[in-house]
Amino acid sequence: MKIKVLTIFPEMLEPVLHSSILGRAMEKGLLEVELINIRDYSKNKHRNTDDYPFGGGAGMVMLAQPIVDAMRAAMGENFQGRRIYLSPRGRTLNQQVVEELAREQELILLCGHYEGVDQRALDLVIDEELSVGDYVLTGGELPALIVIDAVSRLIPGVLGSEESPEDESFSTGLLEYPQYTRPRVFEGMEAPEVLLNGHHAHIQRWRREKSLEITLKRRPELLERAPLDKADRLYLEALRAREEEFNEDDPL
Ligand code: 4FV
């Protein structure tokens, strides 16, 4: 997967891209990330990339020209991929969108700053706006790193053989089950016996039931879309019946 990032603060991304799993993926050639400094495409002597907004208002707006020229340079001759502007106005990122992006040959991510970007740059060189959530940040660099991290996890070979993106939260459509590791007893709290007895089918069932339980409790709306089999549905019915019984017994 090749990803290019247009930013005025490449130094914000460098350390993360050369650390841990992403750093190893880059070393192994599984992931290629190129940082492009928008300032290098500014046509004025102060390398300016922003100006005051027409119509007044607080803050500054990023100029169209440096962004458009940087994007065209990043695209090269026959760009095959998706050009994304990170912005609160965009479609909200979730695992399904991440899986969609991971299927692209190449991604070019534009990181905004200040009050945003001149709309003409977006109209000319952006395919889609994406948001990492309904809150406002100081820039698009952290959202870009989130996209890079989430997409890179899905590239075969990036996660070690002992890890797999398949049964993570949201990949199954459910929240992930609780995890335990050594010691067996920690501050008097014992890890669940079923995980220690090594019976694979029982462990799988326990994990699935825990995922259903946590999802029902914290994000019930996910259950409407998650692929559930008959055993899942029976277990959810039992959970709901138990909840109703508890509520009936609860005088408050
Ligand atoms: C954002 C988000 C975000 C808005 C103004 C950068 C900032 C500044 N990007 N998801 N939420 N961007 O807050 O993607 O330009």
Side-chain angles (χ1 to χ4, degrees), residues 1-19 21-51 60-93 97-132 137-155 158:
M1 164 66 82
K2 183 163 188 179
I3 302 177
K4 294 178 180 174
V5 184
L6 274 56
T7 171
I8 55 174
F9 294 111
E11 66 276 11
M12 276 186 72
L13 294 106
E14 285 283 357
V16 174
L17 295 173
H18 291 92
S19 309
I21 291 174
L22 292 182
R24 281 200 298 277
M26 300 252 277
E27 285 163 15
K28 291 194 279 189
L30 297 169
L31 169 68
E32 188 186 338
V33 179
E34 180 185 346
L35 303 178
I36 294 167
N37 191 333
I38 298 168
R39 279 193 199 291
D40 294 343
Y41 293 84
S42 170
K43 286 191 171 165
N44 71 51
K45 61 177 181 298
H46 301 297
R47 287 164 55 87
N48 226 23
T49 60
D50 62 283
D51 206 333
M60 307 292 276
V61 172
M62 292 186 78
L63 295 164
Q65 174 273 314
I67 288 172
V68 171
D69 288 353
M71 181 63 82
R72 286 172 177 157
M75 288 167 63
E77 291 309 309
N78 56 347
F79 175 70
Q80 301 286 324
R82 202 182 306 189
R83 301 163 299 174
I84 294 167
Y85 171 50
L86 288 312
S87 144
R89 285 190 325 201
R91 177 166 62 138
T92 302
L93 189 73
V97 176
V98 170
E99 288 166 4
E100 192 186 300
L101 297 179
R103 290 193 286 269
E104 292 287 346
Q105 282 186 45
E106 187 174 342
L107 298 176
I108 304 182
L109 307 179
L110 170 62
C111 302
H113 256 272
Y114 317 114
E115 290 311 303
V117 169
D118 186 305
Q119 185 61 39
R120 290 163 294 186
L122 306 180
D123 296 341
L124 280 171
V125 297
I126 291 296
D127 299 311
E128 178 179 12
E129 295 187 32
L130 272 185
S131 169
V132 293
L137 302 166
T138 57
E141 282 75 14
L142 292 178
L145 286 170
I146 287 169
V147 170
I148 293 169
D149 188 295
V151 168
S152 300
R153 290 181 71 257
L154 302 183
I155 299 169
V158 168

Report the C-alpha distance between K4 and E32 in whole Å, list the side-chain angles of each, state the deciding distance to 0.1 Å, and finish with yes or no for salt bridge (Lys or Arg N to Asp or Glu O under 4.0 Å).
CA-CA 8 Å; K4 294 178 180 174; E32 188 186 338; over 6 Å; no
The test is salt bridge (Lys or Arg N to Asp or Glu O under 4.0 Å); show your working for D127 and R82 and say whether it passes.
CA-CA 6 Å; D127 299 311; R82 202 182 306 189; over 6 Å; no
Salt bridge (Lys or Arg N to Asp or Glu O under 4.0 Å) assessment of R91 paired with E100:
CA-CA 13 Å; R91 177 166 62 138; E100 192 186 300; 2.7 Å; yes
Verify side-chain hydrogen bond (donor to acceptor under 3.5 Å, both in side chains) between H113 and E141, making sure each step is shown before the conclusion.
CA-CA 9 Å; H113 256 272; E141 282 75 14; 2.8 Å; yes
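The structure places CD of E129 at 9.5 Å from CG of L86, a figure rounded to the nearest 0.5 Å. Rounding to the nearest 0.5 Å places CD of Q80 at 9.5 Å from CE of M75. Residue I36 holds its CD1 atom at 10.5 Å from CG of L110, rounded to the nearest 0.5 Å. Here the straight-line distance linking atom CG of L30 with atom CG of L22 works out to 11.0 Å at 0.5 Å rounding. The CZ atom of F9 lies 14.0 Å from the CG atom of L35; values are rounded to the nearest 0.5 Å. The distance from the CG atom of N44 to the CZ atom of R39 is 10.0 Å, given to the nearest 0.5 Å.
Minimum interatomic distance between D118 and V61 (heavy atoms only, all atoms of both residues): N-CG1, 3.5 Å. Pairing each heavy atom of A144 with each of L109, the nearest pair is O-CD1, 3.8 Å. Here the closest heavy-atom approach between residue R83 and residue L124 is recorded as NH1-O, 4.2 Å. Of all the heavy atoms in Y85 and L122, the pair that sits closest is CD2-CD2, 3.5 Å. Nearest heavy atoms, G90 versus S131: O-CB, 3.6 Å. Closest of all the heavy-atom pairs between M62 and I67 is CB-CD1, 4.0 Å.
With contacts defined as side-chain heavy-atom distances shorter than 4.5 Å, the pair V147/L145 does not qualify. Contact check for V33 versus L13: no side-chain heavy atoms found under the 4.5 Å cut-off. Taking 4.5 Å as the limit, every side-chain heavy atom of E34 sits out of range of all side-chain heavy atoms of I3. The side-chain heavy atoms of I21 and R153, taken from C-beta on, include no pair separated by under 4.5 Å. Between L101 and I84 the shortest side-chain heavy-atom distance falls below 4.5 Å. Looking at L130 and E128, their side chains come closer than 4.5 Å, going by heavy atoms from C-beta outward.
Between the side chain of Q65 and the backbone N or O of Y41, at least one donor-acceptor pair lies under 3.5 Å. In terms of modelled atom types and a separation under 3.5 Å, the side chain of S42 and the main chain of P66 share no donor-acceptor contact.
For CZ of R47, the number of neighbouring non-hydrogen atoms (other residues, nucleotides, ligands) closer than 6.0 Å is greater than 12.
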